[in-house]
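Structure, as structure tokens:
The sequence lines fix the lettering, A, B, ..., with proteins before strands; numbering per chain opens at 1. FYI, side chains are in, hydrogens and waters are out, and symmetry mates aren't considered; it's all heavy atoms of this structure.
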Amino acid sequence: MSQNVVYTDNNATTMVAPEVVEAMMPFFSQLYGNASSMHFFGGQIKKHVDEARAKVAALLNADPTEIIFTSCGTESDNAAIRGILAAQPEKRHIITSRVEHPAVKNMFQHLGKNGYRVSEISVDRLGRIDLDELREKLDHETALVSIMWANNETGVIFPIQEIAELVKSRGAAFHTDAVQAAGKVGIDMKKTPVDLLSVSGHKLHAPKGIGVLYLRKGVHCVPFIMGGHQENGRRAGTENVPYIIGLGRACELAHQFMSVEQREVARLRDLLENELTEKAIDATVNGDIEHRLPNTTNISFKYIEGESILMLLSEVGIAASSGSACTSGSLEPSHVLRAMGIPFTRVHGSVRFSLSRYNTEQDIHCIVKHMLRIEKRLRDISPFGRDEIHAH
Amino acid sequence: MWDYNEKVKEHFLNPRNVGEIKDADAVGEAGSLACGDQLKLMLKVDDKGIITDAKFQTFGCGSAIASASALTELIIGKSMDEVAKISNKDIVDYLGGLPVEKMHCSVMGHEALEAAVNNYYGESPETLEDKKKHVVCECFGVTDQEIISVVRDNKLLTVEDVTHYTKAGGGCMSCHDKIRALIEKVAGEAEKAALPKPETKKLTNLQKVKLIEETFEKEIRPMLRADGGDIELIDIEGSRVTVSLRGMCSSCTSASFTLKKYIEPKLREFVSDDITVEEVKP
């Protein structure tokens, strides 16, 4: 693409940080040994893998022995859920929320068809979890609760401290998909009694193909992938050394930039959100703005359709995403926005802008300028809400 | 991202004939806000029955806008009799093809045209009550006539095709059997064209027993055993399979649920899709 790219789809994937690429390079060429080998050539690699593990652990304030490298966030989610259930086969009840990522949602659906009793906890109009409902649903048969740390579509952050304490007090295991939260908000495994937690590399400026499963010491979890003794026998398969190194470096950077993320990225996000909601014909923000990731905004433009918006944004080099049915590949619009009870008139026209520390104020002005033009243009074609345009 | 061809993209970026005709001679609407697309078509028709102008307004995705634009280009200058013969396929051909998942956009164009033609000839549009009686797919409000017409025009063979073209069956999926019946009905009409029907392989009882035992062993027993139960095959009569649940399963209150929701679907998947399972108490 020759034109300038304004990339605001960082909840889908992020740019690999140049420092990360640089850290990885030697491990493709001169340092290609197998970390599990007995000889010096492989042995020197193990030291680097250990360092990376320590950096990942530092981001989560966890012990390095609690970090298991996987291939992606989905593998971490699957391994956590299957592993916990296999370790306590007598318990047949599992709980999740209605707004999970497909990596958890579809796994629960599968288990529901295979003999498990599944409870789904609702969210309210602002996408906040119903803690009372969770309290009611927990019973002595509950093996596992899996609720995400932050939602990928709206950025809403769940009260994981409270949820984890509640679940632990009832004797069930607690897993959280922290793929969107890791690197954007503080995570402290010494303080929050989470048993298992999933992280994905490519959401925090590491490459695709690397993830982490945090497994608290003392929690029984049957390995998902069997084979060699790598990762202390908890995840077999030769260590993906360059990517592990890359993830270590990315976590180190995320740690360093955490305050920038929370201050500067949030400022840009708020600027974008305020400009659009003030100047557009009809734009409203979806989700609880008090408890939200600093980089995400989900805005519904009434009476216009998301795919059309994305295509017109693409024309001018702006990348974003939408919860409309037409962009999902299925006929159903976003399950997250529907679970929140957002009316169809707004779900189909929802656009998610997810920023990163690489966005600039100039990007924001560019998006606002084009988005207002696009809204006007699509409203002019739309048969709905015609009086409102003229009134505007 | 959808793989739209250049012509579709061009019509999306520069749609022809967008707007309103205040004193239209015929108006037709299709789709709904809930489904994520809606089209309003307005026509100006002279006293010879020729369409002199057509305008549209649409709420929808790229291919919905392109389809509406293409439709107006197809009908301007034609007589009402001529346009009554236009099908969704003509819109697709005009655009040089649409992704299969997007065929419903062309169908929406055709439906709006059909509604406009009816409106022109003074036929009152189908009332909501009337429509409800014929709805096959509750999720997207699609009627039997709508399904029959796309199946016929586009020679559709599967439920999935019908979903791509009309959205019917794309929600809760509970209408799949009805859609299948409509496809068979149309295929029946076209019998002379000798449509090959998918052959269901006939199994001998011996083969069936072997397959059922295999499915029990690989798919069903591991799950039952985890709960301290087991299953035994008692009898087979045609597609009716009788089983007995053992161990913990025999006294389990959710046994009939397991039977219908788990065991029967598994046997349908691995043995034959017409199997029904019944339990006899030991």
Problem set entry | Rounded distance [0.5 Å steps], OG1 in B:Thr58 versus CD1 in A:Ile304 | 13.0 Å
Exercise. At a heavy-atom separation under 4.5 Å, does B:Leu39 approach chain A through its side chain, its backbone, both, or neither?
Worked result: neither
For this session: For residues B:Tyr262 and A:Lys113, report the shortest heavy-atom separation together with the two atoms involved.
Result: CD1-O, 3.2 Å
Problem set entry | Over all atoms of both residues, closest heavy-atom pair of A:Pro383 and B:Lys40 | CB-CB, 4.4 Å
For this session: Not counting sequence neighbours, which residues clear side chain to side chain contact (heavy atoms under 4.5 Å, CB included) with B:Glu219? List them please.
Result: B:Thr215, B:Lys266, B:Phe270
Seminar exercise, completed: The interface call for A:Ile381 against chain B, heavy-atom contacts under 4.5 Å, is both
Problem set entry | Residues of residues 91-107 of chain A within contact distance of chain B, non-hydrogen under 4.5 Å | A:Arg92
Exercise. Chain A heavy atoms under 4.5 Å from B:Phe12: which part of the residue, side chain, backbone, both or neither?
Worked result: both
Seminar exercise, completed: Within residues 335-347 of chain A, contacts to chain B at heavy-atom distances under 4.5 Å involve A:Phe344, A:Thr345
For this session: Look at atom CD of B:Glu264 and say whether more than 12 heavy atoms of other residues, nucleotides or ligands are closer to it than 6.0 Å.
Result: yes
Exercise. For B:Lys261, does the NZ atom sit with more than 12 other heavy atoms under 6.0 Å from it, leaving out its own atoms?
Worked result: no
Problem set entry | Residue B:Lys178 excluded, over 12 heavy atoms near NZ under 6.0 Å | no
Problem set entry | For A:Glu90, all residues meeting salt bridge (Lys or Arg N to Asp or Glu O under 4.0 Å), sequence neighbours excluded | none
Exercise. Side chain, backbone, both or neither: which part of B:Glu29 has a non-hydrogen atom closer than 4.5 Å to chain A?
Worked result: neither
For this session: Name the region of B:Pro15, side chain, backbone, both or neither, that has any atom closer than 4.5 Å to a heavy atom of chain A.
Result: side chain
Problem set entry | A:Glu307 side chain to B:Gly62 backbone, donor-acceptor under 3.5 Å | yes
Exercise. Quick one: what part of B:Thr258 sits under 4.5 Å from any heavy atom of chain A, side chain, backbone, both or neither?
Worked result: neither
Problem set entry | Heavy atoms from other residues, nucleotides or ligands near NZ of B:Lys7 exceed 12 (cutoff 6.0 Å) | yes
Problem set entry | A:Ser308 side chain to B:Gly60 backbone, donor-acceptor under 3.5 Å | yes
